[in-house]
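Structure provided below as structure tokens; questions to follow.
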Amino acid sequence: MEKPSEEAAGGQNVKEKEEAQTMPDITEEEEDVESFTHADILDIFEEGLARLVQDPLLCDLPIQVTLEEINSQIALEYGQAMTVKVLKADGEIMPIVVVQDASVLDLKKAIRRFVELKQQREGGVRHISWRYTWRSYNLVFQGEKLEDDRVRLKDYGIRNRDEVTFMKRLRKK
């Protein structure tokens, strides 16, 4: 009885197997692939993002938008989030997006993110002591202070597009 040849049994002979292991497998596609620098990829991404932000749903967002802002805007569109307008003493209104069942603490965190992003975009990054801020200022809705961070905004009666005032605490003597 004759033994089957090594080539028939394995599909390749030993010499071809050794060459396949020692030579890298380079295809024509791999040779044609362009290499991009990190800066090139960022530019391509920002161009695509700028086109995306031109969509009517996302047109309110800034050019240097973050993924979090896009997700918030989509959640707003689907009714999963709400906008709370926070009125500062200088008259500036900060449109803060939070989920429907957000607590006061969630609102405070969203205010912090909003302010930090605004500072980064304007180029003036400076440190804000948020611990001092929340000790010195209250959020007030229709004359009621939002003091308990665990209470949901709904429980205070805050709904979509309601206005909350950011005001200085009065000292107790």
Side-chain angles (χ1 to χ4, degrees), residues 34-173:
E34 293 182 43
S35 59
F36 292 105
T37 65
H38 181 70
D40 292 340
I41 293 173
L42 278 178
D43 289 340
I44 292 168
F45 177 75
E46 287 175 359
E47 288 172 16
L49 199 54
R51 284 194 306 270
L52 181 66
V53 173
Q54 291 172 353
D55 182 275
L57 173 65
L58 305 173
C59 65
D60 296 337
L61 297 174
I63 296 298
Q64 301 161 329
V65 68
T66 64
L67 180 60
E68 181 182 4
E69 290 171 311
I70 291 173
N71 288 337
S72 294
Q73 196 69 23
I74 292 169
L76 265 175
E77 193 65 27
Y78 284 110
Q80 299 167 344
M82 64 180 171
T83 301
V84 177
K85 298 175 185 175
V86 179
L87 178 64
K88 291 176 35 180
D90 62 0
E92 179 187 353
I93 296 177
M94 299 184 294
I96 307 297
V97 178
V98 292
V99 294
Q100 286 288 346
D101 62 342
S103 65
V104 173
L105 182 61
D106 295 330
L107 178 61
K108 288 179 178 181
K109 287 178 181 179
I111 291 170
R112 179 179 181 169
R113 283 192 305 270
F114 179 88
V115 170
E116 289 171 352
L117 280 171
K118 184 177 177 187
Q119 283 182 339
Q120 285 176 355
R121 290 183 179 130
E122 293 174 353
V125 179
R126 59 181 188 168
H127 178 70
I128 294 177
S129 171
W130 289 98
R131 176 177 274 171
Y132 171 79
T133 301
W134 298 124
R135 271 197 326 250
S136 303
Y137 290 86
N138 276 327
L139 293 172
V140 179
F141 177 69
Q142 296 180 344
E144 186 178 0
K145 294 177 185 176
L146 310 180
E147 292 182 311
D148 189 352
D149 286 346
R150 296 169 295 180
V151 175
R152 294 184 317 165
L153 298 176
K154 284 182 185 179
D155 297 339
Y156 282 110
I158 299 172
R159 303 283 179 247
N160 193 24
R161 295 189 194 98
D162 279 345
E163 198 169 275
V164 173
T165 308
F166 192 74
M167 65 175 32
K168 185 91 169 150
R169 286 184 190 223
L170 299 174
R171 291 187 180 206
K172 296 177 184 175
K173 291 185 178 185

_Under the rule for side chain to side chain contact (heavy atoms under 4.5 Å, CB included), what residues qualify as partners of N71, not counting sequence neighbours?_
L67
*Enter the distance from I74:CD1 to E69:CD here, rounded to the nearest 0.5 Å.*
12.0 Å
*Distance from I158 atom CD1 to Q142 atom CD, nearest 0.5 Å?*
8.5 Å
*asked:* How close do W130 and E116 get, counting heavy atoms only, and between which atoms?
replied: NE1-OE2, 3.9 Å
_Least distance between heavy atoms, S72 atom then A81 atom_ = O-CB, 4.4 Å
*May I ask you to decide if the ring planes of F166 and Y137 are parallel, tilted or perpendicular, using 30° and 60° as cut-offs?*
parallel
_Could you report the tightest heavy-atom contact between L139 and V164, atom names first, then the distance?_
CB-CG1, 3.8 Å
*Is there a donor-acceptor pair closer than 3.5 Å between any side-chain N or O of N138 and the backbone N or O of V140?*
no
_Side chains of Q73 and I70, heavy atoms from C-beta outward: is any pair under 4.5 Å?_
no
*When you check the gap from the basic side-chain N to the acidic O, do R159 and D162 get nearer than 4.0 Å?*
no
_Which atom of D149 lies closest to which atom of K108, heavy atoms considered_ = OD1-NZ, 2.8 Å
*Atom pair CG (N160) and OG1 (T83), whose distance is rounded to the nearest 0.5 Å*: 5.5 Å
*asked:* Which heavy atom of R150 sits nearest to which heavy atom of S103, and what is that distance?
replied: O-CB, 4.0 Å
*asked:* Please check this pair: side chain of R169 against backbone of W134, looking for a donor-acceptor N/O pair closer than 3.5 Å.
replied: yes
*In Å, rounded to the nearest 0.5 Å, how long is the span from CZ of R126 to CD1 of I128?*
5.5 Å
*Enter the distance from L170:CG to K145:NZ here, rounded to the nearest 0.5 Å.*
6.0 Å
*Validation row: I44, F36 side chains within 4.5 angstrom (heavy atoms)*: yes
*Measure the CD-CD distance between Q80 and Q100 for me, rounded to the nearest 0.5 Å.*
9.0 Å
*asked:* So V104 and Y156, do their side chains get closer than 4.5 Å, heavy atoms only?
replied: yes
